[in-house]
Amino acid sequence: MLVNTENFLRWDDGAAAASIESDIATGYHRDPSRCDYKPLFAAAEAMRFYINTPEGLAWIDDPNTHLLALVNEQGAVIDTDIATLQVHTFATLTGTAKTFYAEVIIDGTVPAGTYYYQIRTAAAVVKLTSNKFTVVPAGNGHLVYSTLCKFRHDRYFYGINYQDLLTFYQQFRLHFNQIDRQFEGEKEIYKEVTTGKERTYNNFMSRIKKVEAYYFDKDAHDAAAVMFDHDEIYMNLKRYRAKGTYKIDTADLSKISKAEIDLYDEEFASANRCNT
C-alpha cells in the first residue's frame, strides 16, 4: 500500500520494491530507450525527502531504532544505515502523529546503478520501501540531461508542516530540461506631446523559460505539479516562479509521458526592472 502521494520519492509498506502501475491498461513502448521514471542521485549531492502521510506512521514509537538502508536492484543491502532518519512530530485533528524526513548523501564508493531505500528496525524488519532511483556514474555527464530541484513553502502545504522545519527543503535531481526561452514586458506607454509618437515610459521585463519533464509516470507528474505550486522553487540553484499550469502531454497513452511548464526567472526580473 502506498503511504504518501504527490512526492518524487514514494514509499510502500510492503517488503518488496514498490512497482509502478498504471490505473488503466495502455499500449507497450515501441522505443526501447524510454524507461520508467526514476530520480537521479549524484555522488556527494544531497537528496532530501519527507514522508508526507497526513495521519503519521503509528509504528514510529516501536522501541527499536529505525534505520534507512540502501538496497540495490538485486535486493542486496549496500548500507544498513545510510543516513539519519529525523522524526517530525506534528498535531492532527485527533492528537499528535509522527513521520520521517531525512537528508541523504551517497559517497563516490557506491557503484552506479539502480537502488531503493528501506526503512528498517534494528532487527532488520522492513517497514517501508521506496520507489527506485538511479545512482549516476562519476563525472558530470548527468548535468546535461537533469536538473537539481529544491523547494519548500512557509506553512503547512500538501501534507508537510514546513512552518515547523524552518531550514528544510525537499531536494531531488530530476529529468527536467529547458526547451525554450522568451521575454515578456509590461510596458507603461505615453504619447509624446510634440510628435504624437508613442514612447515607453517604463518596462518591467521578465524572462520566461519553458521546462520539459522528460518521461515521468503519473505519480511523478502529480509530484511535479505540486512542486511548482510551492512558494520557493530553485532549479540548479536559481530561483523560479511558475507561470501558468503544468501541462501533461495526453496524446501519448503510455505509462510515461512528457509535460511542460513556463517559469519566471526570478533572478532576472529582480535585477532588470526599469524604474525610470
Side-chain angles (χ1 to χ4, degrees), residues 4-11 37-52 68 82-86 88 99-107 115 117 130-131 133-136 140-179 181 206-214 216 219-246 259-271:
N4 62 326
T5 57
E6 291 91 33
N7 213 314
F8 292 108
L9 195 67
R10 286 100 65 175
W11 295 87
Y37 154 83
K38 295 184 187 72
L40 300 178
F41 210 142
E45 190 172 80
M47 175 190 284
R48 302 187 183 102
F49 67 84
Y50 184 104
I51 302 178
N52 58 325
L68 184 69
I82 190 72
T84 301
L85 286 171
Q86 304 289 338
H88 182 209
T99 190
F100 288 119
Y101 66 99
E103 175 180 284
V104 190
I105 299 176
I106 293 180
D107 62 34
Y115 297 84
Y117 295 129
S130 78
N131 60 300
F133 55 86
T134 300
V135 174
V136 297
N140 296 324
H142 61 279
L143 300 178
V144 176
Y145 59 85
S146 67
T147 299
L148 184 64
C149 302
K150 172 181 169 181
F151 55 99
R152 66 166 280 119
H153 209 277
D154 61 354
R155 64 199 71 185
Y156 179 84
F157 205 60
Y158 289 100
I160 301 178
N161 292 274
Y162 286 109
Q163 75 273 16
D164 296 343
L165 308 170
L166 298 180
T167 61
F168 176 76
Y169 288 80
Q170 295 194 71
Q171 182 167 295
F172 302 92
R173 178 167 285 281
L174 303 164
H175 287 98
F176 282 113
N177 298 276
Q178 179 183 316
I179 59 173
R181 189 180 74 157
S206 298
R207 183 161 59 199
I208 302 166
K209 295 182 180 179
K210 184 183 291 293
V211 171
E212 180 183 66
Y214 197 77
F216 281 16
D219 290 334
H221 281 311
D222 290 348
V226 168
M227 179 185 79
F228 289 119
D229 206 21
H230 278 65
D231 183 55
E232 290 186 48
I233 305 165
Y234 293 88
M235 303 186 77
N236 283 346
L237 305 181
K238 293 186 67 176
R239 186 165 179 172
Y240 292 90
R241 175 171 54 91
K243 177 185 185 293
T245 58
Y246 183 78
E260 294 179 357
I261 187 169
D262 290 333
L263 302 175
Y264 282 117
D265 184 341
E266 293 279 79
E267 212 170 273
F268 178 88
S270 61

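For the single chain, residues carry numbers from 1 onward in sequence order. Quick caveat, the model's predicted, so the values are computed rather than measured.
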Asks: Heavy-atom distance under 4.5 Å between the side chains of M227 and F172, does that happen here?
Replies: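 A side-chain contact is absent here, since even the closest heavy-atom pair is not under 4.5 Å.
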
Asks: State, to 0.1 Å, how close L85 and A102 come at their nearest heavy-atom pair, and which atoms those are.
Replies: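 The answer is CD2-CB, 4.3 Å.
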
Asks: Does atom OH of Y264 have more than 12 heavy-atom neighbours, drawn from other residues, nucleotides or ligands, at distances under 6.0 Å?
Replies: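 It does: Y264 OH has more than 12 such atoms within range.
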
Asks: Donor-acceptor check, side chain of S130 to backbone of L9, threshold 3.5 angstrom: yes or no?
Replies: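 Checking the backbone N and O of L9 against the side chain of S130, no donor-acceptor pair under 3.5 Å is found.
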
Asks: Below 4.5 Å, heavy atoms only, C-beta onward: do I261 and Y240 meet side chain to side chain?
Replies: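 No, their side chains stay 4.5 Å or more apart.
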
Asks: Check whether any side-chain heavy atom of Y246 lies under 4.5 Å from a side-chain heavy atom of D229, and answer yes or no.
Replies: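 When only atoms from C-beta onward are counted, D229 and Y246 do not touch, as no gap falls below 4.5 Å.
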
Asks: Looking only at heavy atoms, which two atoms of A46 and Q171 are closest? And how far apart?
Replies: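 Closest heavy-atom pair between A46 and Q171: O-NE2, 2.9 Å.
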
Asks: Take R181 and R207, measure what side chain to side chain contact (heavy atoms under 4.5 Å, CB included) needs, and give me the verdict at the end.
Replies: CA-CA 7 Å; R181 189 180 74 157; R207 183 161 59 199; 3.6 Å; yes

Asks: List for me each residue that meets side-chain contact (heavy atoms from CB on, under 4.5 Å) alongside R239, sequence neighbours excluded, and say none if there are none.
Replies: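 By the side-chain contact (heavy atoms from CB on, under 4.5 Å) rule, R239 matches D231, E232, Y234, E266.
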
Asks: Shortest non-hydrogen contact from R152 to Y162?
Replies: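 Scanning both residues completely, I find the closest heavy atoms to be NH2-O, 3.3 Å.
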
Asks: Please round to the nearest 0.5 Å and tell me the distance separating atom CG of D222 and atom CG of N7.
Replies: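 Between D222 CG and N7 CG, I get 11.0 Å after rounding to 0.5 Å.
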
Asks: Are L40 and Y145 close enough, and set up right, to give a side chain to side chain contact (heavy atoms under 4.5 Å, CB included), and what steps lead you there?
Replies: CA-CA 10 Å; L40 300 178; Y145 59 85; 3.7 Å; yes

Asks: Have a look at F41 and tell me which of Y115, F133, F49 forms a ring-ring contact (aromatic ring centres under 6.0 Å, His included) with it.
Replies: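 Of Y115, F133, F49, ring-ring contact (aromatic ring centres under 6.0 Å, His included) with F41 is met by F133 alone.
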
Asks: Provide the closest heavy-atom pair for Q163 versus D154 in the form atom of the first, atom of the second, distance.
Replies: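 Taking Q163 first and D154 second, the nearest heavy atoms are CB-O, 3.9 Å.
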
Asks: Is D262 reaching over with its side chain to a backbone N or O of I208, donor-acceptor style, under 3.5 angstrom?
Replies: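 Judged by distance alone, no pair lies under 3.5 Å.
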
Asks: Using 0.5 Å steps for rounding, measure from the CG atom of D219 to the CZ atom of F8.
Replies: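 The distance works out to 11.0 Å.
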
Asks: If every non-hydrogen atom of L263 is compared with every non-hydrogen atom of A242, which pair is closest and at what distance?
Replies: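 Nearest pair, atom of L263 first, then A242: CD2-CA, 3.8 Å.
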
Asks: Taking atom types as modelled, is there a side-chain donor on H88 or D164 under 3.5 Å from an acceptor on the other?
Replies: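 Yes, side-chain donor-acceptor contact under 3.5 Å.
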
Asks: Name all residues meeting the side-chain contact (heavy atoms from CB on, under 4.5 Å) criterion together with T147; count only those two or more places apart in sequence or in a different chain, and write none if there are none.
Replies: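 By the side-chain contact (heavy atoms from CB on, under 4.5 Å) rule, T147 matches C149, F176, M235, N236.
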
Asks: Would you check if Y50 and N161 make a side-chain contact, meaning some heavy-atom pair closer than 4.5 Å?
Replies: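 Yes; the side chains approach each other to less than 4.5 Å.
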
Asks: What distance separates K38 NZ from H175 NE2, expressed to the nearest 0.5 Å?
Replies: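 These two atoms lie 9.5 Å from each other.
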
Asks: Counting N and O atoms only, with roles assigned by atom type, does the side chain of R48 sit under 3.5 Å from a partner on the main chain of K150, one being a donor and the other an acceptor?
Replies: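 No, R48 side chain to K150 backbone: no donor-acceptor pair under 3.5 Å.
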
Asks: So do the side chains of Q170 and I160 get within less than 4.5 Å of each other, counting heavy atoms only?
Replies: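 Yes, side chains in contact.
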
Asks: NZ of K243 to NZ of K209: how many Å apart, nearest 0.5 Å?
Replies: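 Atom-to-atom, K243:NZ and K209:NZ are 15.5 Å apart.
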
Asks: Yes or no on side chain to side chain contact (heavy atoms under 4.5 Å, CB included) for F228 and F151, after CA distance, side-chain angles and deciding distance?
Replies: CA-CA 8 Å; F228 289 119; F151 55 99; over 6 Å; no

Asks: Taking all atoms of both residues into account, what is the closest heavy-atom pair of N52 and Y158, and its distance?
Replies: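 Taking every non-hydrogen atom into account, ND2-O, 3.1 Å.
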
Asks: Would you say the ring centers of F168 and Y101 fall short of 6.0 Å from each other?
Replies: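 Judged by ring-centre distance (under 6.0 Å), F168 and Y101 do meet the cut-off.
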
